[in-house]
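Lettering follows sequence order; numbering is per chain, from 1. Not measured: the values here are computed from a predicted model.
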2 protein chains.
Amino acid sequence: MTELKKTPTIQDVARFANVSTATVSRTLSSPDRVSEGTRARVSEAIRVTGYTLNQTARSLRQRTAKTILVALPDIRNPFFSSILDAIEREATNRGYGVLVANLFLAHEPARRLQEYMLSNRADGLLLLDGSLDVATLRTLSTAPYSVPLVVACEEIPNSGFHMVLTDNMQAAERATRHLIDLGHRRVGHLLGPEHNVVTRERLAGFTKALRDADLPLRQDWMFRGNFEMESGFAAAAHFMALAERPTAIFAANDESAIGFLSGLRQHGIECPRDISMVGFDDLGVAPHYSPPLTTMRQPREMLGRMAAETLIDLLDELDHRPGQLRIVLNSDLIVRASTGHPRKEEAPAA
Amino acid sequence: MTELKKTPTIQDVARFANVSTATVSRTLSSPDRVSEGTRARVSEAIRVTGYTLNQTARSLRQRTAKTILVALPDIRNPFFSSILDAIEREATNRGYGVLVANLFLAHEPARRLQEYMLSNRADGLLLLDGSLDVATLRTLSTAPYSVPLVVACEEIPNSGFHMVLTDNMQAAERATRHLIDLGHRRVGHLLGPEHNVVTRERLAGFTKALRDADLPLRQDWMFRGNFEMESGFAAAAHFMALAERPTAIFAANDESAIGFLSGLRQHGIECPRDISMVGFDDLGVAPHYSPPLTTMRQPREMLGRMAAETLIDLLDELDHRPGQLRIVLNSDLIVRASTGHPRKEEAPAA
DNA sequence: GAAACTCCTGAAATCGATTGCACAACCAGT
DNA sequence: ACTGGTTGTGCAATCGATTTCAGGAGTTTC
């Protein structure tokens, strides 16, 4: 009868190398604390037995899971998935695993995160969603729980949490000003989802640009949306119903911009001939859309990487700066063919 | 001096409720084995102390992490991220966490997965990448390790692993036949990345459709690609350089199809006027592209959900079917405006 | 009234690592 | 020769749960 082999433990290695488990453990985690000869024997024993460390046991003893939890509003959105890509890359380099919690349509998302964190499966929380219940999050992040927490992409104002962000308001202002500089005087906005920080910030930037240029802010030129293509498509119908239409639109993101243009095209309105459009995010499809989309490019990879860095520095206690960290990155205007001068007959009288 | 509170353990609950830890544990995992009175006392104690279970300790004892590892070739690709979305949803419902490993540009991906699995951080592996080293994977999946493994999306032929797939060859054949049925006689193919199973399967379907229709399979009409937009864009240059051009293209996926059309448009070639194009995947942008893209829709959500179901059934030992499981789903042809009849002057003589 | 069962509960072992403490061996300085 | 310091190692406690085993109390059966 052959022996039923289980995966080897540190005990097996110790027995084989004729040392104690303590020595094996030290050989692994601080090799310079064991003598050269012992080190060689242990290494050989590890090789022969095929030992691999049981991370669960280590986690229990050291009270660290070497894992971070990333919470996203919608992983299907390429904007978030490319940030997740950067996060995963950085985490892997630093020896951390990545657990994902997709909050799209989730029931009581903040509670779910709380349970996750309190069950000791992750050491820190990386939050890409600004719409969660702040009270629950604050409970988590303060004593006695003191869960390390970094918020990225979507600001949670007055929360005191560490944040890695882009300046949405400034970027939105820049995008809108681009349209104004092209000569547009009738400029509309395709909004993001209601009750969303990013929506508010981009709207604020839009508003400021219009005000600075003494242009009217018309309610009927503010189109409801929710960052998804279908919402842009639906908004196009409202556009068509207008007696007086804007000649340019700043959309809260690329996806809804694309949906909007797609909707307009069905009614014979062509971009940039009849309307200019600027989006936000610079998705992969933006340069290949028809027309190629003018948009604000957020440094997504950088954002994901810095968010992960910030959190892991906290976990590894490499960062001792007191108080709230706040990293703000800038977005760039990428001019493509979806924006142009307004048509002559629609240009304002000089 | 206030007491420094640590997170409460099962010991604290036991002390408070005046029972043993065994009883607390039983109250949590099999309440019917505990008397009503005790159960009430324990529940109250849990409430008062604010106890939450330490999953790491449970994992160590039960030798299950209640976590699955999902390995993807490229999480930024919306095709994979929407499958991941479905997987995460199903896993969460079944009480499992999801660790992600993004293999894009990873060094020795199979080894990395092996280390991950052998460190006991995950109970099972869900593989969305068909290009990994089969030997390493087989070592993992067989005794003594016996890691439960399900392969989805990309077949690993002759591996014996459980699989959840769509029939790529049949779908590719269907897509190509659609072009032929429209009257095209000069049909090209934009390939996926080399050495990729999916690329081979879709090519096989394409080839079969042409052969069945007695149409020529021309090497100069096979365009190199790698599923990414830029590769399609680059391929367009090769198209332009041809003396004799196809009137229709079947692209291995939507992204490369979009890049290709974008490249052609730069040279004044318009779809569907000058060329018909059918893609694969039905990405979110497909219906909103200009022109809306004809494509094969894969049941992504279903695929992700079934893959997760299959793996978790294995883990929870709900599935005792012997041998290799193999679930094959069908894709649907979605006809949109990117395909049409060839122009008269290019149609073949009757 | 004893045997056989069921129900509940607690003591203690266990999962697989890490780590505080003790100690032996060796070396250097006085 | 004695003190003090360094180095390398092992023993045993520990992390926080689960689970086996045993036993007391109560109930049924003959």
Side-chain angles (χ1 to χ4, degrees), chain A residues 5-43 45-46 49-67 95 115 117-121 123 144-145, chain B residues 5-43 45-46 49-67 95 115 117-121 123 144-145:
Chain A
K5 273 196 280 186
K6 312 176 57 174
T7 66
T9 73
I10 199 172
Q11 322 282 346
D12 301 319
V13 177
R15 200 173 312 125
F16 192 96
N18 235 311
V19 295
S20 72
T21 61
T23 299
V24 177
S25 175
R26 281 190 280 255
T27 307
L28 258 47
S29 47
S30 41
D32 48 328
R33 290 178 41 71
V34 303
S35 72
E36 198 181 338
T38 314
R39 204 185 316 153
R41 283 216 312 294
V42 171
S43 304
I46 289 176
T49 55
Y51 169 74
T52 56
L53 183 119
N54 184 323
Q55 177 64 38
T56 307
R58 171 182 277 185
S59 294
L60 176 58
R61 178 65 228 244
Q62 311 211 85
R63 326 175 118 263
T64 61
K66 281 286 180 178
T67 301
E115 284 169 22
M117 293 309 303
L118 296 186
S119 73
N120 286 61
R121 289 154 68 110
D123 306 320
Y145 303 123
Chain B
K5 274 196 280 188
K6 313 177 58 174
T7 65
T9 72
I10 201 172
Q11 323 282 345
D12 301 318
V13 177
R15 201 172 311 126
F16 192 96
N18 235 313
V19 295
S20 72
T21 61
T23 301
V24 177
S25 176
R26 282 190 280 256
T27 308
L28 258 47
S29 47
S30 41
D32 48 326
R33 293 181 37 72
V34 171
S35 74
E36 197 180 338
T38 313
R39 205 186 314 155
R41 282 216 312 294
V42 171
S43 303
I46 288 176
T49 55
Y51 168 75
T52 56
L53 183 120
N54 184 322
Q55 177 64 39
T56 306
R58 171 182 277 184
S59 294
L60 177 58
R61 180 65 229 243
Q62 310 209 101
R63 328 177 119 264
T64 61
K66 280 286 181 181
T67 301
E115 283 169 22
M117 293 309 304
L118 296 187
S119 74
N120 286 63
R121 289 152 69 108
D123 306 320
Y145 303 124

Please classify the nucleic acid contact of [X] as base, sugar-phosphate, or nothing, using heavy-atom distances under 4.0 Å.
X: B/Ser25; answer: base
X: B/Val24; answer: nothing
X: B/Thr38; answer: sugar-phosphate

OP1 or OP2 of [N] sitting under 4.0 Å from any side-chain N/O of [X]?
X: B/Gln62; N: D/dT19; value: yes
X: B/Ser35; N: C/dT9; value: yes
X: B/Ser20; N: C/dA11; value: no
X: B/Tyr51; N: D/dG16; value: no

Please report, rounded to the nearest Å, how far the [atom2] atom of [N] is from the [atom1] atom of [X].
X: A/Arg33; N: C/dC21; atom1: CZ; atom2: P; result: 13 Å
X: B/Gln11; N: D/dA13; atom1: CD; atom2: P; result: 16 Å
X: B/Arg121; N: C/dC15; atom1: CZ; atom2: P; result: 22 Å
X: B/Asp32; N: C/dT9; atom1: CG; atom2: P; result: 12 Å
X: B/Leu53; N: D/dC15; atom1: CG; atom2: P; result: 16 Å
X: A/Asn18; N: D/dG8; atom1: CG; atom2: C1'; result: 16 Å
X: A/Arg39; N: D/dG8; atom1: CZ; atom2: C1'; result: 12 Å
X: A/Asn120; N: D/dG16; atom1: CG; atom2: C1'; result: 9 Å

Among [options], find the nucleotide with the atom closest to the side chain of [X].
X: B/Val19; options: D/dC15, D/dT18, C/dG10; result: C/dG10
X: B/Arg61; options: C/dT18, C/dG20, D/dA17; result: D/dA17
X: B/Ala22; options: D/dG10, C/dA17, D/dT19; result: D/dT19
X: A/Thr23; options: D/dA17, C/dA17, D/dT9; result: D/dT9

Fill in: DNA chain C: 5'-proximal contact among B/Val34 and A/Leu28 (nearest heavy atom)
B/Val34
Practice prompt. Return the 5'-most residue of the pair A/Asn54, B/Thr21 with respect to DNA chain C, ranking by each residue's nearest nucleotide.
Written response: B/Thr21
Worksheet item: How long is the span from the CZ atom in B/Arg39 to the CG atom in B/Asp32, to the nearest 0.5 Å?
Response: 7.5 Å
Discussion item. Within this structure, what is the CZ-OG distance for the pair A/Arg58 and A/Ser25, rounded to the nearest 0.5 Å?
Written reply: 7.0 Å
Discussion item. Among A/Val34, A/Thr9, A/Ile10, A/Asp12, which residue satisfies the side chain to side chain contact (heavy atoms under 4.5 Å, CB included) criterion with A/Val24?
Written reply: A/Ile10
Practice prompt. Would you kindly check whether a donor in the side chain of A/Arg58 faces an acceptor in the base of C/dT18, or vice versa, at under 3.5 angstrom?
Written response: no
Worksheet item: If you take atom types as modelled and just measure distance, does the side chain of A/Arg26 reach the base of D/dG10 with a donor-acceptor pair under 3.5 Å?
Response: yes
Item to complete: Determine, stepwise, if the pair A/Thr21 / A/Gln11 fulfils side-chain contact (heavy atoms from CB on, under 4.5 Å).
Response: CA-CA 6 Å; A/Thr21 61; A/Gln11 322 282 346; 3.4 Å; yes
Fill in: Side-chain touch A/Thr56/A/Leu60, heavy atoms, less than 4.5 angstrom
no
Worksheet item: Between B/Tyr145 and A/Thr52, is any pair of side-chain heavy atoms under 4.5 Å apart?
Response: no
